[in-house]
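Counting begins at 1 with the first residue of the sequence. Everything numeric in this text was worked out from a predicted model, so none of it was measured.
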Amino acid sequence: MRIAMIGTRGVPARYGGFETAVEEIGARLVAGGHEVRVFCRPVPGESQPATYRGMALTWLPAMRRRSLETLSHTARSVLHRELAGVDVALVFNAANAPLLPVVRARRVPVATHVDGLEWQRAKWGPAGRRYYRLAESLAVRWSDALVADAAGIADYYRREFDADTVQIAYGAPILEHPSLDRLGELDLQPGGYHVVVARFEPENHVLEIVEGYRRSTARLSLVVVGSAPYSEAYTASVHAAADDRVRFLGGVWDQELLDQLYAGALSYLHGHSVGGTNPSLLRAVGAGTAVIAWDVDFNREVLGEHGRFFRDSAALAAELAAAEADPAEVGRRAAAAQQDVRRYNWDDVAAAYETLCRDLLEGRARGRLGSGRRQGSSRTR
């Protein structure tokens with residue numbers, strides 16, 4: 001099959017979960033004999049290769065405004081000549097739903113990976129939230145199939161729209177015997193720190209994590225990896241909440257070093273709350289690190305009984321104290337979680353996408369989607 005992957009920043013994956021999924025799925029589809037084209041956004045100062053891991057890449061510019069970047073790039077992608085002759089399109093992010101009729105007008109069946117509950121993100125004002133909620137409805141109405149990466153997202157679309165989804169999660173890279181030799185570059189010792197890896201956005205609760213750590217009796221340092229490309233004010237509030245035990249590393253794009261930061265931590269603190277199954281969470285568990293996570297269904301789905309959970313800074317402070325008081329128990333919990341998370345396997349994920357693409361091509365994938373009208377009163381929590 002000839003498969004197009006549209007709506008992300010593209011590959012190589014440097015930004016987030018969608019990009020990681022495109023790289024891991026696309027490379028495996030190529031290995032399976034399919035032709036994969038990924039529509040990518042250029043990064044100033046970086047190369048624009050024609051291919052990567054067997055995938056053909058098309059580089060198109062986007063408007064450099066938060067509210068228009070994704071949609072403007074997807075608009076260029078769905079109109080581009082390279083979409084001609086494609087058998088199936090995979091569109092990532094329900095925000096791109098207004099452009100689905102263009103894809104279908106080109107006689108290309110399309111599945112939309114709807115992502116999480118984007119309208120709940122604090123960075124969007126009232127207009128942005130209304131847009132995302134409308135886009136969810138349009139994704140239901142105009143997609144040939146919907147993809148959800150977590151049971152909670154599938155439940156949401158069933159409850160809100162009485163719509164079926166194809167549930168396909170992400171993969172968890174398993175680090176069996178990770179090297180920790182590069183931690184010395186950052187003056188860190190294995191098991192000698194806690195770590196959080198996240199974009200600085202309110203729904204990722206980086207501020208609450210730093211506040212909870214500051215309130216705790218933790219002796220080990222907190223290493224914070226990430227930044228806020230669109231919010232200087234939020235970044236300032238996170239820094240202001242820290243004490244001298246907190247170390248801010250900014251973005252870490254060196255994957256080897258990032259893997260070692262996950263694997264070498266006593267615990268990984270995960271505050272993500274609206275995005276479905278989170279790749280950073282899977283990576284931490286796959287690295288053999290115990291997790292203390294924000295208490296929402298998405299995170300409990302991944303961690304089950306092996307996780308510890310919090311909903312405010314006081315609860316996090318208590319969990320940090322408990323972790324440092326019994327590192328042996330933390331290690332046992334981490335090992336059990338790493339074994340359990342093997343069910344998130346990239347080979348299985350890619351196989352599920354291959355089946356979905358074949359079903360789309362043969363007209364079998366739609367399921368029950370309907371008009372996109374919400375069922376009864378719309379939930380906003």
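- Side-chain N or O atoms of Arg245 include one that pairs as donor or acceptor with a backbone N or O of Arg214 at under 3.5 Å.
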query: Is there a salt bridge (Lys or Arg N to Asp or Glu O under 4.0 Å) between Arg300 and Asp297 once you walk through the steps?
result: CA-CA 5 Å; Arg300 285 189 174 270; Asp297 290 345; over 6 Å; no
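- Checking side-chain atoms of Asn204 against main-chain N and O of Val206 turns up no donor-acceptor pair under 3.5 Å.
- Taking the six-membered ring where the residue is Trp, the centroids of Phe18 and His113 are separated by under 6.0 Å.
- Between Leu222 and the choices Leu269, Asp243, Val195, the side chain to side chain contact (heavy atoms under 4.5 Å, CB included) rule is met once, by Leu269.
- In this structure, Trp294 has its ring center closer than 6.0 angstrom to the ring center of Phe310.
- A donor-acceptor pair shorter than 3.5 Å cannot be found between the side chains of Ser221 and Arg247.
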task: Applying salt bridge (Lys or Arg N to Asp or Glu O under 4.0 Å), run through Glu136 and Arg373 and close with a yes or a no.
output: CA-CA 10 Å; Glu136 288 178 349; Arg373 296 181 64 180; over 6 Å; no
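- Looking only at side-chain heavy atoms (C-beta outward), Trp346 and Thr20 come within less than 4.5 Å of each other.
- Using a 4.0 Å cut-off between a side-chain N of Lys or Arg and a carboxylate O of Asp or Glu, Glu329 and Arg332 do not qualify as a salt bridge.
- Surrounding CD of Glu176 are more than 12 heavy atoms belonging to other residues, nucleotides or ligands, all under 6.0 Å away.
- Note on Val330: it does not cluster hydrophobically with Leu183, by side-chain heavy-atom contacts below 4.5 Å among ILVMFWY residues.
- Within the cation-pi definition used here (under 6.0 Å to the ring centroid, within 45° of the axis), Arg76 does not qualify as a partner of Phe39.
- Counting only distance, with no hydrogens or angles, the side chain of Ser47 and the backbone of Pro49 share no donor-acceptor pair below 3.5 Å.
- Taking hydrophobic clusters as Ile, Leu, Val, Met, Phe, Trp and Tyr residues chained together by side-chain heavy-atom distances below 4.5 Å, Val341 shares a cluster with Leu258.
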task: Could you walk me through whether Asn96 and Leu71 pass the side chain to side chain contact (heavy atoms under 4.5 Å, CB included) test, one step at a time?
output: CA-CA 6 Å; Asn96 292 310; Leu71 198 62; 4.0 Å; yes
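- Salt-bridge annotation for Arg2 and Asp87: present, with a side-chain N of the basic residue lying under 4.0 Å from a carboxylate O of the acidic one.
- When atom types are taken as modelled, the side chain of Ser72 and the backbone of Met63 share a donor-acceptor pair closer than 3.5 angstrom.
- Connection of Leu60 to Val110 is established within a shared hydrophobic cluster, with ILVMFWY side chains joined at heavy-atom distances below 4.5 Å, either directly or through further cluster members.
- Ring-centre distance between Tyr262 and Tyr268: below the 6.0 Å cut-off.
- Distance alone, capped at 3.5 Å, places no donor-acceptor pair between the His239 side chain and the Ser237 backbone.
- One finds no salt bridge joining Arg9 and Glu23 here, because no Lys/Arg side-chain nitrogen approaches an Asp/Glu carboxylate oxygen to under 4.0 Å.
- Tracing side-chain contacts under 4.5 Å through hydrophobic residues (I, L, V, M, F, W, Y), one never reaches Tyr344 starting from Leu175; they form parts of separate clusters.
- In this structure, Ser137 contributes its side chain and Gly372 its backbone to a donor-acceptor pair below 3.5 Å.
- Taking the charged nitrogens against the carboxylate oxygens, Arg283 and Asp259 do have a contact shorter than 4.0 Å, which makes a salt bridge.
- Counting heavy atoms from C-beta on, the side chains of Leu99 and Val91 never come closer than 4.5 Å.
- If you check the side chains of Thr70 and Arg41, you find a donor sitting under 3.5 Å from an acceptor.
- With salt bridges taken as basic N to acidic carboxylate O contacts below 4.0 Å, none links Arg343 and Asp348.
- The residue from Met5, Met55, Arg53, Glu24 that alone fulfils the side chain to side chain contact (heavy atoms under 4.5 Å, CB included) condition with Val11 is Met55.
- Not one N or O on the side chain of His73 forms a donor-acceptor pair closer than 3.5 Å with the backbone of Ala62.
- Under a 3.5 Å cut-off, the side chain of Glu203 and the backbone N or O of Ser273 do not form any donor-acceptor pair.
- A donor atom on one side chain and an acceptor atom on the other are found under 3.5 Å apart for Glu354 and His34.
- Counting heavy-atom neighbours within 6.0 Å of Gln189 CD, excluding the residue itself, gives a total of 12 or less.
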task: Could you give me the CA-CA distance, side-chain angles and deciding distance for Glu324 and His194, then say whether side-chain hydrogen bond (donor to acceptor under 3.5 Å, both in side chains) is met?
output: CA-CA 10 Å; Glu324 293 193 6; His194 307 276; 2.8 Å; yes
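- Grouping the Ile, Leu, Val, Met, Phe, Trp and Tyr side chains by contacts below 4.5 angstrom, directly or via other members, places Leu266 apart from Tyr193.
- Contact check for Glu305 versus Asp340: no side-chain heavy atoms found under the 4.5 Å cut-off.
- Side-chain contact between Val349 and Ile25: present, with at least one pair of heavy atoms (C-beta onward) separated by less than 4.5 Å.
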task: Any chance you could lay out the side-chain hydrogen bond (donor to acceptor under 3.5 Å, both in side chains) test for Arg37 and Thr58, step after step, and finish with the verdict?
output: CA-CA 7 Å; Arg37 178 165 296 279; Thr58 297; 2.7 Å; yes
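- If you run side chain to side chain contact (heavy atoms under 4.5 Å, CB included) between Tyr157 and each of Asp162, Leu146, Asp164, Leu369, only Leu146 comes through.
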